[in-house]
Structures are given as structure tokens and as C-alpha cells.
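Sending over a structure as C-alpha cells; questions will come in a sec.
The structure displayed is predicted, hence computed values, not measured ones. What's counted below: heavy atoms across the whole structure, side chains too, no hydrogens, waters or symmetry copies. Every chain is numbered from 1, with letters handed out A, B, ... down the list of sequences.
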Number of protein chains: 2
Amino acid sequence: MPRAVKKAQTSTGCSVERALSLIDGKWKIVILYKLLRGTLRFNELRRLIPGVTQRMLTHQLRELEADGLIVRVVYAQVPPRVEYSLSTRGQSLEPVLLALKHWGDTNLSSREAEAA
Amino acid sequence: MPRAVKKAQTSTGCSVERALSLIDGKWKIVILYKLLRGTLRFNELRRLIPGVTQRMLTHQLRELEADGLIVRVVYAQVPPRVEYSLSTRGQSLEPVLLALKHWGDTNLSSREAEAA
DNA sequence: CATCACGGTATCCTTTTTGACACTATGGGC
DNA sequence: GCCCATAGTGTCAAAAAGGATACCGTGATG
């Protein structure tokens with residue numbers, strides 16, 4: 001998303017905007033979506049999301065973590081092992097994620113989505 | 001939102017992404033949100049959304065129209081009169097908009113939103 | 001010894017988005 | 001005649017986001 005408003009900046013003030021600023025980013029929703037089903041490691045996410053680069057994935061994960069939507073757990077092992085999972089707050093996004101998916105499934109039947 | 005995926009491009013294929021690409025843009029959600037309550041004219045929207053510039057508002061409205069989410073009606077008058085309202089498809093987004101707002105209201109109490 | 005996997009970083013470049021600002025047509029009001 | 005409002009458009013430039021590519025350390029594998 002071009003970018004939503006900077007972190008919780010009460011412009012129009014509405015919570016919708018603030019909410020959006022947290023899930024704004026080309027991959028965030030997908031990441032959250034994949035994590036709905038459970039914990040995943042960095043490269044598992046990478047494989048589940050075709051097209052994302054390492055840099056982008058790292059970047060988006062860090063932002064999600066900073067916004068308290070996901071939890072990052074590092075295991076001091078070699079090779080490194082880092083697990084990502086939804087935080088309580090992230091889990092509370094489930095209804096939104098599902099509403100979005102439902103809408104997409106219902107109103108965007110692949111290509112013939114031109115009928116207003 | 002920096003930008004979601006280009007128009008309905010089945011990357012991860014998931015409908016969530018496609019749905020997002022339609023509502024991606026710094027002002028789209030707010031516009032749709034304002035229109036939930038009914039038809040509005042260009043300058044009414046402009047006044048309701050502080051911070052948006054004429055160019056941006058026009059731009060976002062055109063994209064929403066192109067995606068079939070809103071309807072634009074021009075009255076051949078002077079001064080010009082253009083009314084915007086949600087299309088059927090746009091209206092079907094209501095659950096998503098509300099879920100988002102509800103989540104925002106519930107999980108983002110202004111500033112103390114740091115608790116994971 | 002060379003290579004692979006893991007989970008990143010760092011750097012550079014391009015594309016996309018957004019913002020600033022000026023300009024337009026027309027009719028009415030003063 | 002001059003100014004106002006409406007609903008834009010056009011151009012330019014800045015900022016932000018995203019992508020490509022290379023590199024790192026370590027231990028196990030072959």
C-alpha cells in the first residue's frame with residue numbers, strides 16, 4: 001500500500017486508518033494470513049510466499065514485530081532457528097483477515113470481476 | 001500501502017491479496033468508509049478527509065471507480081456537480097470496513113498499544 | 001576442502017506513490 | 001469587471017517502497 005498513514009497519527013483520527021497503517025505493506029497481510037495456522041520459521045515463510053525477497057520478508061517481519069502483531073523467537077543454535085508466530089494482538093486480527101478473504105472469494109471470481 | 005499486488009495478479013493467488021490491491025492506497029479505505037453513510041460530492045469528501053489533496057482525491061476516486069467499487073455521477077450543470085456513492089460491490093465491503101474499524105477501536109486505544 | 005542451509009545485512013537502483021502548485025471553464029453575485 | 005465556487009487536469013519534484021544482488025558466520029555433509 002502506498003502507504004497508509006505513519007504510525008498511529010490521528011489525522012482523520014479514525015481507528016480504521018491506524019489499523020491500516022499496521023497492516024500496510026506488500027506482504028504483511030499474507031504473512032499474517034500464513035501465520036494464522038501456526039508458527040513458522042523464516043525460510044518456511046519464504047517458501048510459502050513466492051516472490052518475496054529475503055530483504056522484504058525480514059523488513060516486513062520486523063515491522064510486524066515492532067507493531068506487536070507477531071512474536072519472534074530466536075533459538076541459539078547453529079544453524080540459526082527463528083520462529084515467528086502471531087501475538088495475541090495479531091490473533092485478534094483474524095476476523096479482519098477472514099472478512100477480507102471472504103470478500104475476495106465472493107467478489108473477485110478470478111478475472112470476471114468487472115460487474116459493478 | 002506501499003503497494004499491494006498489481007491488479008488481480010494471481011501471485012500467491014490468494015483472494016486476500018487481490019482484495020487488498022483494490023483497497024490499497026493512502027485514502028481509499030477512508031473514502032469508502034465515508035461513503036458507507038451515503039452519497040457525497042467531491043468537495044464534501046475533500047472536507048471530510050483532512051489532508052487529502054485535490055489531485056490525490058481525484059486519483060483515488062478514479063481507481064475506486066475503475067475497480068467498480070464506487071459510482072460516479074456527473075450532472076451537466078454549472079457549477080459542476082459530481083456525486084460519488086458506493087456501488088453494490090463497494091457496499092459489500094462493509095463487513096470488512098467494519099471489522100477493521102472494530103479491530104482498530106478495540107486494539108488500538110490511541111497510544112498505549114504496545115502490549116503484545 | 002568445497003558446498004549447503006539458515007537467517008539474516010548492506011548497498012544500490014528503480015518504480016511507485018504522494019505532495020505542491022498552478023491553471024481551466026462557466027455562471028452567478030456584488 | 002472582479003471574485004467565488006465546483007471539479008477537476010497537468011507538471012514537477014520529493015519521498016517512500018520495493019527489488020536485485022552480494023556477503024556473513026557456523027556447523028554438518030559429502
Side-chain angles (χ1 to χ4, degrees), chain A residues 1-7 9 11-12 17 20-31 34-35 39-67 70-85, chain B residues 1-7 9 11-12 17 20-31 34-35 39-67 70-85:
Chain A
M1 274 168 215
R3 299 1 179 242
V5 177
K6 309 270 143 208
K7 301 298 164 192
Q9 166 186 311
S11 56
T12 4
E17 282 181 86
L20 267 174
S21 71
L22 301 189
I23 56 176
D24 177 34
K26 193 168 177 182
W27 312 98
K28 287 190 188 170
I29 300 279
V30 199
I31 292 171
K34 299 293 181 188
L35 289 179
T39 298
L40 289 172
R41 297 180 56 175
F42 187 83
N43 277 347
E44 285 177 330
L45 274 170
R46 201 142 89 96
R47 280 187 285 265
L48 283 173
I49 306 175
V52 74
T53 60
Q54 221 161 11
R55 190 172 98 55
M56 273 298 109
L57 185 52
T58 303
H59 203 69
Q60 307 274 289
L61 285 170
R62 291 294 142 85
E63 287 191 8
L64 288 171
E65 190 196 1
D67 289 333
I70 63 173
V71 176
R72 177 168 177 266
V73 180
V74 183
Y75 294 88
Q77 304 179 350
V78 162
R81 175 189 185 78
V82 180
E83 292 187 343
Y84 293 93
S85 54
Chain B
M1 265 162 225
R3 290 42 191 177
V5 178
K6 309 270 143 208
K7 301 297 166 194
Q9 167 185 310
S11 56
T12 3
E17 283 182 84
L20 268 174
S21 72
L22 301 188
I23 55 178
D24 178 35
K26 193 168 175 182
W27 311 99
K28 287 188 187 171
I29 300 278
V30 199
I31 293 172
K34 300 293 181 190
L35 289 179
T39 298
L40 289 171
R41 297 179 57 175
F42 185 83
N43 277 347
E44 286 177 329
L45 274 170
R46 199 142 89 96
R47 281 186 284 264
L48 284 174
I49 307 177
V52 74
T53 60
Q54 220 162 14
R55 193 171 99 49
M56 272 299 109
L57 185 53
T58 303
H59 203 70
Q60 306 274 289
L61 285 169
R62 289 294 142 84
E63 287 191 9
L64 288 170
E65 190 196 2
D67 289 332
I70 64 173
V71 176
R72 178 169 177 265
V73 181
V74 184
Y75 294 88
Q77 305 178 350
V78 162
R81 176 189 186 77
V82 181
E83 291 187 343
Y84 292 94
S85 53

> Which of these nucleotides, dG19(C), dG7(C), dG19(D), is closest to any side-chain atom of Gln54(A)?
Replying inline: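 The answer is dG7(C), which lies nearest to the side chain.
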> Tell me: CG of Leu61(A) to P of dG18(D), nearest whole Å?
Replying inline: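 Computing the Leu61(A):CG to dG18(D):P distance gives 13 Å.
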>> Under 4.0 Å from OP1 or OP2 of dT11(D): is there any side-chain N or O of Arg55(B) that close?
In response: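 The answer is no; no side-chain N or O of Arg55(B) sits under 4.0 Å from OP1 or OP2.
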>> Without decimals, in angstroms, what is the distance between Gln77(A) CD and dG25(D) C1'?
In response: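 Checked: the CD to C1' distance equals 16 Å.
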>> Can you tell me how far apart CD1 (Ile70(A)) and CZ (Arg62(A)) are? Round to the nearest 0.5 Å.
In response: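 Separation between the atoms: 9.0 Å.
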> So does Gln60(B) get a side-chain nitrogen or oxygen closer than 4.0 Å to the phosphate oxygens (OP1/OP2) of dT17(C)?
Replying inline: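 Answer is no, no contact under 4.0 Å.
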> So which of residues 78-85 of chain B are in contact with DNA chain C, with a heavy-atom cut-off of under 4.0 Å?
Replying inline: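 Residues of residues 78-85 of chain B that come under 4.0 Å of DNA chain C are, in numerical order, Val78(B).
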> Please give, in whole Å, the distance from dG7(C) C1' to His59(A) NE2?
Replying inline: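 Distance check: His59(A) NE2 to dG7(C) C1' gives 17 Å.
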>> Quick check for you: to the nearest 0.5 Å, what is the distance between Gln60(B) atom CD and Thr58(B) atom OG1?
In response: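 Nearest 0.5 Å value for the CD-OG1 distance: 10.0 Å.
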> If you take all heavy atoms of Tyr84(A) and Leu35(A), which pair is closest and at what distance?
Replying inline: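 Looking at all heavy atoms of both residues, the shortest contact is O-CD2, 3.5 Å.
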> Can you tell me if the side-chain N/O atoms of Lys26(B) get under 4.0 Å from OP1 or OP2 in dA16(D)?
Replying inline: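 The answer is no; no side-chain N or O of Lys26(B) sits under 4.0 Å from OP1 or OP2.
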> Nearest to the side chain of Arg72(A), which nucleotide is it out of dA7(D), dG7(C), dG19(C)?
Replying inline: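 Closest of the options to the side chain of Arg72(A): dG7(C).
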>> Within this structure, what is the CD-CD distance for the pair Glu83(A) and Glu44(A), rounded to the nearest 0.5 Å?
In response: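 The CD atom of Glu83(A) sits 8.0 Å away from the CD atom of Glu44(A).
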> Between CD of Glu63(B) and NZ of Lys28(B), what distance do you get to the nearest 0.5 Å?
Replying inline: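 Taking CD in Glu63(B) and NZ in Lys28(B), the distance rounds to 4.0 Å.
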>> Counting only side-chain heavy atoms from C-beta out, which of dG19(C), dG7(C), dT6(D) sits nearest to Arg41(B)?
In response: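 Of the candidates, dT6(D) comes closest.
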> Whole Å only: how far is the CG atom of Leu57(A) from the P atom of dG18(D)?
Replying inline: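 Atom-to-atom, Leu57(A) to dG18(D), this comes out as 13 Å.
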> Could you give the CD1-to-C1' distance, from Ile49(B) to dG19(C), as a whole number of Å?
Replying inline: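 Answer to the nearest Å: 16 Å.
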>> If I take atom NZ from residue Lys26(A) and atom CG from residue Leu20(B), how far apart are they, to the nearest 0.5 angstrom?
In response: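 The NZ atom of Lys26(A) sits 12.5 Å away from the CG atom of Leu20(B).
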>> In this structure, how many angstroms lie between the P atom of dC4(C) and the CG atom of Asn43(A), rounded?
In response: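 About 15 Å, once rounded to whole Å.
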> Arg46(B) has an atom CZ; how far is it from atom C1' of dT9(D), in whole Å?
Replying inline: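 Between C1' of dT9(D) and CZ of Arg46(B): 13 Å.
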> Hey, does Lys34(A) have a side-chain heavy atom less than 4.5 Å from the side chain of Leu45(A)?
Replying inline: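 Yes, their side chains come closer than 4.5 Å.
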> Met56(A) CE to dA16(D) P: how many Å, rounded?
Replying inline: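 In whole Å, dA16(D) P and Met56(A) CE are 15 Å from each other.
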>> Using the side-chain heavy atoms of Thr58(B), tell me which of these nucleotides is nearest: dG8(D), dG18(D), dA20(C).
In response: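 Minimum distance to the Thr58(B) side chain belongs to dG8(D).
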